[in-house]
Amino acid sequence: MASIRKASTEGTRVVPENTLSFHLKRAEQAIVTRKAHGVRDLDLTEPQCKVLGYLTGGAAKSCTQLSREALVTSQTMTGIVKNLEAKGLVERHPSPVHGRVMLVSLTPAGVDRAAAAKSFSEGIEHGLREAMSESDYTQLVKLLGRVADLARETRTPGTE
């Protein structure tokens with residue numbers, strides 16, 4: 001840890017493997033990759049799973065609403081929805097409030113597939129948690145929360 005601080009404070013070349021962001025991204029990518037491999041067996045992509053999750057619970061949403069939740073463009077979301085529609089997992093229907101707006105909702109097959117994807121994802125999360133001691137897990141969550149808080153608060157040198 002001291003070597004990371006030393007490298008960043010002395011202006012020496014920062015080796016990516018010595019940065020916190022490298023390790024956070026590496027862990028995130030490993031989890032996302034593991035989930036992506038598993039949902040392929042469900043004939044889904046990770047973005048499609050997210051959309052199914054956003055629609056779980058019966059809420060019909062427009063592509064615009066879904067794109068905001070997923071942090072993608074409306075065009076990207078339209079493509080994802082079209083692919084899900086072609087698989088029979090979602091359907092589009094006119095909004096009762098706004099005639100020109102089309103709402104997207106899960107079909108019965110979509111409800112089943114969303115549940116399977118959620119179960120798979122939760123299994124991965126559970127497996128990761130079980131692989132750690134309770135104190136390690138608690139400490140990791142606490143430290144990640146602290147990193148998030150510090151990242152919002154910390155000023156970049158020379159930008160004051």
What's the separation between atom [atom1] in [X] and atom [atom2] in [Y], rounded to the nearest 0.5 Å?
X      : Y      : atom1 : atom2 : result
Ile31  : Arg34  : CD1   : CZ    : 11.5 Å
Leu71  : Met77  : CG    : CE    : 9.5 Å
Arg129 : Tyr137 : CZ    : OH    : 4.5 Å
Lys35  : Thr45  : NZ    : OG1   : 14.0 Å
Leu89  : Leu52  : CG    : CG    : 6.0 Å

Test question: given the 4.5 Å side-chain rule for I, L, V, M, F, W and Y, name all other residues clustered with Met102, or answer none.
none
Do [X] and [Y] share a hydrophobic cluster (ILVMFWY, side-chain heavy atoms under 4.5 Å, transitive)?
X      : Y      : result
Leu84  : Val101 : no
Val39  : Ile124 : yes
Val90  : Leu103 : no
Leu140 : Phe22  : no

Atom [atom1] of residue position [X] - does it have more than 12 heavy atoms of other residues, nucleotides or ligands inside 6.0 Å?
X      : atom1 : result
Lys50  : NZ    : no
Arg92  : CZ    : yes
Glu125 : CD    : yes

Under a 4.0 Å threshold between the charged nitrogen and the carboxylate oxygen, would Glu69 count as salt-bridged to Lys61?
yes
Cationic N near anionic O, under 4.0 Å, Lys25 to Glu28:
yes
Can you see which heavy atom on [X] is nearest to which on [Y], and at what distance?
X     : Y      : value
Ala60 : Gln65  : O-OE1, 4.3 Å
Glu46 : Ala36  : OE1-N, 3.9 Å
Cys49 : Leu44  : SG-CD1, 3.7 Å
Leu24 : Val147 : CD1-CG1, 4.2 Å

Flag side-chain contact, heavy atom, 4.5 Å: Lys87 against Gln48:
yes
Check whether any side-chain heavy atom of Ser74 lies under 4.5 Å from a side-chain heavy atom of Cys63, and answer yes or no.
no
Listed once per pair and sorted, the side chain to side chain donor-acceptor pair (under 3.5 Å) pairs that draw on residues 100-120, sequence neighbours left out
His93-Ser105
As a quick check of understanding, evaluate salt bridge (charged side-chain N to carboxylate O under 4.0 Å, His left out) for Glu17 and Arg26, giving each step before the final call.
CA-CA 10 Å; Glu17 293 83 9; Arg26 182 173 164 252; over 6 Å; no
Could you walk me through whether His37 and Arg40 pass the side chain to side chain donor-acceptor pair (under 3.5 Å) test, one step at a time?
CA-CA 5 Å; His37 284 290; Arg40 277 193 206 127; 2.9 Å; yes
Do Thr73 and Thr76 have side-chain N/O donor and acceptor atoms under 3.5 Å apart?
yes
Whether the side chain of Ser121 engages the backbone of Ala117 through a donor-acceptor N/O pair (distance < 3.5 Å, no angle test) should be reported.
no
